[in-house]
Colleague: 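To start, I am sharing the structure in question, which I have written as structure tokens.
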Amino acid sequence: MSITYTGKATNSEIEARFDQDVARFSNMDTGQATTLDAPLTMELCTSAALQVTPGATELLDIGCGAGNYTLKMLSKIPNLNCTLNDLSLPMLSKAEERVSAQTSGTVKTIQMDMRNLELGNEQYDIVLAAATLHHLRAEEEWRLMFSKIFKALKPGGSFWISDLITHDSSELNILFEQKYGEYIESLGGPEYKQKVFDYISYEDTPRSINFQFRIMAECGFRNLEVLHKNLCFAAFGGVK
Ligand SMILES: C[S@@+](CC[C@H](N)C(=O)[O-])C[C@H]1O[C@@H](n2cnc3c(N)ncnc32)[C@H](O)[C@@H]1O
């Protein structure tokens, strides 16, 4: 899996792939098999959000997929008003169906590239973005997203990311890629590993925690914290 920043999948290609993958993202217990510690990072991001704003009423889930993170959040803070965003309509429809069954709050869906979201000011207590920001490409796109999210949070609200990451050290990138490859191979053999590495190479542009923290800090976030890290996956976030 070598990460390049040019010649990547287009949004239409990404949308089409996720349109076909709703079932895989609808399992609360396993989350995604290719994501290390997926259930733990979901638990930690939602616990952190609960701890920071126990009285939260408004949640935004960016790249929500089939809604796993929102459902986990609702298990800790019931009846939140939920805003769900995803590029893929089948994902969003599944999320809407599952989330509506679990909250008496409002459920708003926005099918849109996250870069185009108009989120307004001080709307949300909690913003979650799991396994999705790695679709952002140039640094300016990350800055745009983080500044929108900062503006959209109420003061004291929090933003939690769980994602594939890179490292600033190329040596550690090699080490963690090798170890992640061994893990994927243990799940499905060498062909499966190649398949996963090929789609990561084509589709994803992950960034390091340091890169994301730097931009978050520049946008005004404080109390930046790493909740968990295992090889090239991490959960982290901050408070407005
Ligand atoms: C790996 S899934 C993760 C879903 C969910 N957050 C979870 O953890 O179960 C990534 C999701 O991000 C969505 N996505 C990809 N690019 C996006 C974009 N530019 N804007 C909004 N959503 C996007 C995909 O359609 C997909 O549903």
Colleague: Rounded at 0.5 Å granularity, tell me how far CZ in R143 sits from NZ in K148.
Modeller: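 Between R143 CZ and K148 NZ, I get 15.0 Å after rounding to 0.5 Å.
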Colleague: Salt-bridge test for E43 and K76: reply yes if a basic N is under 4.0 Å from a carboxylate O, no otherwise.
Modeller: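 The answer is yes: the pair qualifies as a salt bridge.
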Colleague: Rounded to the nearest 0.5 Å, how far apart are CG of L133 and CD1 of I165?
Modeller: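 Going from the CG atom of L133 to the CD1 atom of I165 covers 13.0 Å.
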Colleague: Between the side chain of E13 and the main-chain N/O of T10, is any donor-acceptor distance below 3.5 Å?
Modeller: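 Yes, E13 side chain to T10 backbone: donor-acceptor pair under 3.5 Å.
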Colleague: Can you check whether T103 reaches T70 side chain to side chain, under 4.5 Å on heavy atoms?
Modeller: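 Counting from C-beta outward, T103 and T70 never come under 4.5 Å.
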Colleague: Where is the tightest heavy-atom contact between D37 and N230, given as atom of each residue plus distance?
Modeller: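 Where D37 meets N230 most closely, the heavy atoms are OD2-ND2, 2.9 Å.
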Colleague: Please answer whether the main-chain N or O of L136 pairs with a side-chain N or O of T205 as donor and acceptor at a distance below 3.5 Å.
Modeller: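 Yes, the answer is positive, given that a donor and an acceptor are paired below the 3.5 Å cut-off.
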Colleague: Would you indicate whether the side-chain heavy atoms of N11 and R115 approach each other to under 4.5 Å?
Modeller: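 Of all side-chain heavy-atom pairs linking N11 with R115, at least one is under 4.5 Å.
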Colleague: Can you check whether M73 reaches W160 side chain to side chain, under 4.5 Å on heavy atoms?
Modeller: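 A side-chain contact is absent here, since even the closest heavy-atom pair is not under 4.5 Å.
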Colleague: Establish, yes or no, whether a centroid distance under 6.0 Å links the rings of F211 and W142.
Modeller: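 Yes, the ring centres sit under 6.0 Å apart.
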Colleague: When clusters are formed by joining ILVMFWY residues with side-chain heavy atoms under 4.5 Å apart, either directly or through shared neighbours, do I110 and L153 land in the same one?
Modeller: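 Linked, I110 and L153 end up in one cluster.
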Colleague: Should I77 and I126 count as side-chain neighbours, where that means a heavy-atom distance under 4.5 Å?
Modeller: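 Side chain of I77 against side chain of I126, heavy atoms only: contact under 4.5 Å found.
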Colleague: Do I161 and M216 have side chains that approach each other closer than 4.5 Å (heavy atoms only, starting at C-beta)?
Modeller: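 Counting from C-beta outward, I161 and M216 do come under 4.5 Å.
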Colleague: Quick check, are the ring centers of F221 and F146 under 6.0 angstrom apart?
Modeller: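 When the ring centroids of F221 and F146 are compared, they turn out to be at least 6.0 Å apart.
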Colleague: Work out which heavy atom in E139 is nearest to a heavy atom in R207; give both atom names and the distance.
Modeller: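 Heavy atoms of E139 and R207 come nearest at N-NH2, 3.7 Å.
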Colleague: Report yes if the side chains of K154 and T53 come closer than 4.5 Å at any heavy-atom pair, otherwise no.
Modeller: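 SC-SC contact between K154 and T53 ruled out.
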Colleague: Indicate yes or no for a side-chain donor-acceptor contact from D163 to the backbone of H134 under 3.5 Å, with no hydrogens or angles considered.
Modeller: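 Yes, because the side chain of D163 sits within donor-acceptor range (under 3.5 Å) of the backbone of H134.
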Colleague: Tell me if a side-chain donor or acceptor on N85 pairs with a main-chain N or O of L60 at a distance below 3.5 Å.
Modeller: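 Pair absent, no side-chain N/O of N85 close to backbone of L60.
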Colleague: Check whether S88 reaches the backbone of M91 with its side chain - one donor and one acceptor, N or O, closer than 3.5 Å.
Modeller: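 Such a contact is found between S88 side chain and M91 backbone.
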Colleague: To the nearest 0.5 Å, what is the distance between CE (M114) and CG (L117)?
Modeller: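 Between M114 CE and L117 CG, I get 8.0 Å after rounding to 0.5 Å.
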Colleague: Locate the shortest heavy-atom distance separating A152 from L119; write the atom from each residue and the value.
Modeller: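 Here A152 and L119 meet closest at CB-CB, 3.5 Å.
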Colleague: Is any side-chain heavy atom of E58 closer than 4.5 Å to a side-chain heavy atom of Q123?
Modeller: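 When only atoms from C-beta onward are counted, Q123 and E58 do not touch, as no gap falls below 4.5 Å.
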Colleague: Would you say the side chains of T166 and N173 form a donor-acceptor pair under 3.5 Å?
Modeller: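 Distance-only check fails for T166 and N173.
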Colleague: Mind checking the CD1-OH spacing from I14 to Y199? Nearest 0.5 Å is all I need.
Modeller: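 If I round to the nearest 0.5 Å, the distance is 12.0 Å.
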Colleague: What is the distance from atom CG of L224 to atom CZ of F236, rounded to the nearest 0.5 Å?
Modeller: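 Answer rounded to 0.5 Å: 10.0 Å.
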Colleague: Donor-acceptor pairs under 3.5 angstrom involving side-chain atoms of residues 182-197: please list them, not counting sequence neighbours.
Modeller:
unit_1, atom_1, unit_2, atom_2, d
Y183, OH, A33, O, 2.9
S186, OG, Y183, O, 2.6
Q194, NE2, D198, OD1, 2.9

Colleague: Indicate yes or no for a side-chain donor-acceptor contact from Y69 to the backbone of T46 under 3.5 Å, with no hydrogens or angles considered.
Modeller: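 No; judged by distance alone, with no hydrogens or angles, the pair does not exist.
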Colleague: Side chains of L71 and V99: closer than 4.5 Å at any heavy-atom pair?
Modeller: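 Side chain of L71 against side chain of V99, heavy atoms only: contact under 4.5 Å found.
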Colleague: Examine Y124 together with F159 and report whether their ring centres are nearer than 6.0 Å.
Modeller: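 Between F159 and Y124, which both carry aromatic rings, the centre distance is not below 6.0 Å.
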Colleague: Has S75 got a side-chain atom pairing as donor or acceptor with K72's backbone, closer than 3.5 angstrom?
Modeller: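 Yes: the side chain of S75 pairs with the backbone of K72.
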Colleague: So which atom in K229 and which in F176 form the shortest heavy-atom distance, rounded to 0.1 Å?
Modeller: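 Smallest interatomic distance, heavy atoms only, reads NZ-CE1, 3.6 Å.
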Colleague: Please report the shortest heavy-atom distance between L74 and N79, naming the atom on each side.
Modeller: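 The answer is CD2-N, 3.8 Å.
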Colleague: Write down the atom of T41, the atom of A235, and the distance for their closest heavy-atom approach.
Modeller: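 Looking at all heavy atoms of both residues, the closest pair is CG2-CB, 3.8 Å.
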Colleague: Verify, without hydrogens or angle tests, whether T35 (side chain) and A38 (backbone) share a donor-acceptor contact under 3.5 angstrom.
Modeller: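 No; zero donor-acceptor contacts below 3.5 Å.
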